[in-house]
Amino acid sequence: MMKNILLLLMVCRNGIWSALFFLLWCASVAGSQGRSSVTLTKEGVTLKVYLKEPKITMGGVFLLTMETTLPGDITVPVIQAELPEKWSKDLIFLTDISDAETLWIGNQQFTKVTRIYRLAPLRSGTIRFDGLKVSVPPAYFTVPTLIGYVVSGSGIGRAEPVPQEPLKVSAVANPLTPYMGQQVVYTLRLLVSPFVDLEPSPNYEPPQAEGFFSEDYPRVVRVFSGGYDIQSVRIAFFPLKTGPLSIGSSRVLARVVGEPETRELRTNPLRLQVRPLPQPVPADFSNLVGKVQASLRIFPDRLPAGETLTIQLTLRGTAYLPGLPTPTLTIADVLSPPPREEMRKEVGPTGLLWFQRSFTWRVVPRREGKLVVPSFRFSYLDPDGGIYRVAQTKPVTVTVLKGTGLAPLAVEGEAQRPTGLIWGLGAVILVGVGAVLGFQYYRRGKWLAELAVDDPVLKQTALLLKKEGPGAVGEAIRQWIREQIYQRTGVLVSPSEKPERLQEMLTKRGVSEAAARFAREIWETALSALTDEEALLLLKRAQEVPRRL
């Protein structure tokens, strides 16, 4: 090698040309090694294509991986790639899988879609992965050549060792020493050998876990590792009390093609030691253990009196936000109905389940001036270090202008004569409309007064029966019951909690069996289809829940 360099320097006596030839020679040597990974960006789409193990032994498997990151929430696989025909002389296509997950980078949502091709080499030596074209609408990519190496010796390990067992299961929980109310990620893993096929899809039975409430993850994750196709089912558990708790055994039923009987596989139980909350606990603490972020959006920032102002509070975090009571918005001289709520969940970059809960108020300022939307404050426990922190929004000032009305049209000459008639007709119409609205308001007030329900929130819930039907009443009653149970017992109930699970949680918290059974009956009835009469009866019975608790 040194002789070649000296020869180049002797031939090219000029220093500039010597340096140029030397750089070109270095580039050619480096290029001969080939690349095993490339990242491309086009039209807002980032595509990364790489060989997970660029050097394998003969008998191993290449994992050709394509990862795309796109803005937004993509619900369908978007990677479309057709392997070039010329690859068939060097490689055998085995299987491929696709997977998608939601990511949050700052305040923007992205979707990461992964597709993995398993390719078995037919020969040793250098394998060129060239001519690959990938479509990720709206972008289309031509992927530069990737280089893989297949060696016949045993100097390196195989990229994928041959599995010894066709099916295996395992389970892990993290963390094993959480705080009370902290999210614990339980992962059930089914490992399937590539040499067996299952029919139909495996049946997963979640573990029994007393002293927890849980939230299911939105999807099953699939990856290839260690020669297995690994399918992971995750559940977020939230401990309700301190001390030793256990998550029971999970059961998986899977049928292998060619075998007469279904296989039953079980995981080992897991034990946790739940820590109490650090003392002293802040006075405004609402059992939020985990990360919490709060943001406030208000629009418009200037509007006339009598028009609608939209106030949107959004909370995101790993703490159990579904159990948080609805925040109260208090602004003087403003008509403010209850907020509209939205809830969603996604998987964060660290594998934790993230909740996003939004509250939207549509208020009507009644006088001009400066309107101040107060700040919202939420205390939470950050498990990293066990420190209480505060997620807080800043107060926002909105300018309310003088209310505007319709001015009469000024017309010259003869056209001005019918103005009085027009205004008189308009007055008659307004009086008529006002009478109808007033009569409807009177009827609504009389109907609410006659309704044998004392709680003001339940009275307002009754109005949903006339507007949206009995289905909306059932959902509103469940939300009201959740708040009542939380305020009186500290039990956080999931909006989709099973009735029998609700009764069990209340009984363990010290509520009498009769009261827990009554709450279960109301909850179970609210989950079913209701007629108008059944919805009214349920409203009357529901107000007994807090009294019995």
Nearest heavy atoms of [X] and [Y], plus distance in Å:
X    : Y    : result
Y388 : P278 : OH-O, 2.7 Å
R115 : Q80  : NH1-CA, 4.3 Å
P239 : V274 : CB-CG2, 3.8 Å

Is there a donor-acceptor contact under 3.5 Å from the side chain of [X] to the main chain of [Y]?
X    : Y    : answer
R377 : D284 : no
T318 : K291 : yes
Y117 : F93  : no
Y217 : V185 : no
Q183 : L353 : yes
R123 : L91  : no
S249 : T267 : yes
W480 : A542 : no
K133 : Y140 : no
T507 : E513 : no

Min side-chain heavy-atom separation E475-R478 under 4.5 Å: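 Yes - at least one pair of side-chain heavy atoms lies under 4.5 Å apart.
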Got a second to check how far Q293's CD is from T393's OG1, nearest 0.5 Å?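 If I round to the nearest 0.5 Å, the distance is 13.5 Å.
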Nearest 0.5 Å, what's the OG1-CZ distance between T326 and R357? 5.0 Å
Inspect the contact between R316 and E346 and indicate whether a charged nitrogen and a carboxylate oxygen are less than 4.0 angstrom apart. yes
Does E504 come within less than 4.0 Å of K508, counting only side-chain N to carboxylate O? yes
Please test Y186 against S250 for side chain to side chain donor-acceptor pair (under 3.5 Å), starting from the C-alpha separation and ending with a verdict. CA-CA 11 Å; Y186 176 86; S250 294; 2.6 Å; yes
Would K48 pass as a cation-pi partner of Y50, given that its NZ or CZ must be under 6.0 Å from the six-membered ring centre and within 45 degrees of the axis? yes
What is the ring orientation for F213 with F238, classed by angle as parallel under 30°, tilted 30 to 60°, or perpendicular over 60°? parallel
